Each structure stands twice: as structure tokens, then as C-alpha cells.
Amino acid sequence: MDTVNERIYLIVKELFNGNVSAFCRVVGIKQPTLNTIVGSRKSKPSYDVLNAIATSDLNLNTDWLITGRGSMTKDDSTTEPFAILQKYDAEVEIKNEIITIKRKHK
């Protein structure tokens, strides 16, 4: 992987089966922002984008993300695809249930 753009694309492809929307939800960046990075424009990602990716729960090796050296993940294993997204979705579902219960008791 020669560029950080290509490495970000690889994260989306490998860990999220190419699902850009899922990646953006987990990392906390806007989809149009990511599209300018991995799409045809190939804009360089900002510090905020790189920081959001690096500090996410994806267990990524930040040295690999920035420079391409080493392996994608910190422990040299691949993160199970969608495991993080499933955790996120479960948390959202619980929060929605709490909101529903609170509305019923008003």
C-alpha cells in the first residue's frame, strides 16, 4: 500500500466488506468526507480523520496506517469483520429500548 488513502480503503474493504457507511458509523466520520479520500478525488485525510480512525475500536496499527510499515492490526491478526459494527448496533438497540421505555412512562 503506497498511500494512506489506499490503506484506508483497505480497512474498509477488509474489515467492513467494502461497506463505507458502516465504517463511517464506527469511526465517527461523515461519509462524504471518506468518499473524497477513497473515491476518485483521493484527497489527503485530515488529522481529525486519521485520529478518528486511529483511536477507534478497530485495533489498528497506527504506524501501518500512517506509513504502511508493519501489519494492519496491532496484534498481527485480522479483526473479525463487522464485530465492531455488531457491538455498536447492539448498543444503539439498547439505547432505543431505554428511550421507548421512558416514553411509555411519561
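Heavy-atom basis, side chains included; hydrogens, waters and symmetry copies ignored. No experiment lies behind these values; they were computed from the predicted model shown.
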### Query
If every non-hydrogen atom of Arg7 is compared with every non-hydrogen atom of Leu65, which pair is closest and at what distance?
NE-O, 2.9 Å

### Message
Closer than 3.5 angstrom, by distance alone: can the side chain of Glu6 be matched with the main-chain N or O of Asp2 as a donor-acceptor pair?
### Response
yes

#### Entry: Asn19 side chain to Ser21 backbone, donor-acceptor under 3.5 Å
yes

### Query
Would you say the side-chain atoms of Asn61 pair up with the backbone N or O of Ser71, donor to acceptor, closer than 3.5 Å?
yes

### Heavy-atom check, side chain of Leu60 versus side chain of Lys74, under 4.5 Å
no

Expected list for residues 32-39: side-chain donor-acceptor pairs under 3.5 angstrom, two or more places apart:
unit_1: Asn35; atom_1: ND2; unit_2: Gln31; atom_2: O; d: 3.4
unit_1: Thr36; atom_1: OG1; unit_2: Thr33; atom_2: O; d: 2.7

### Message
Pair Val27, Ile11 - check side chain to side chain contact (heavy atoms under 4.5 Å, CB included), show working.
### Response
CA-CA 11 Å; Val27 173; Ile11 295 167; over 6 Å; no

#### Entry: By side-chain contact (heavy atoms from CB on, under 4.5 Å) - contacts of Ile98 (at least two apart)
Ile94, Lys102

### Query
Does Thr3 reach the side chain of Tyr9, with side-chain heavy atoms less than 4.5 Å apart?
no

### Query
With a 4.5 Å heavy-atom cut-off, do Phe16 and Val26 have their side chains touching?
yes

#### Entry: Partners meeting side-chain hydrogen bond (donor to acceptor under 3.5 Å, both in side chains) with Arg41 (sequence neighbours left out)
none

#### Entry: Pairwise side-chain contact, Leu15 with Phe23, heavy-atom cut-off 4.5 Å (strictly under)
no

### Task
Answer yes or no: is there a side-chain heavy-atom contact under 4.5 Å between Ile101 and Lys104?
no

Scan the side chains in residues 47-55 for donor-acceptor partners under 3.5 Å anywhere in the protein, sequence neighbours excluded, and list what turns up.
unit_1: Thr55; atom_1: OG1; unit_2: Asn51; atom_2: O; d: 2.7

### Query
With sequence neighbours left out, what residues match Arg69 under side-chain contact (heavy atoms from CB on, under 4.5 Å)?
Asp63, Thr67

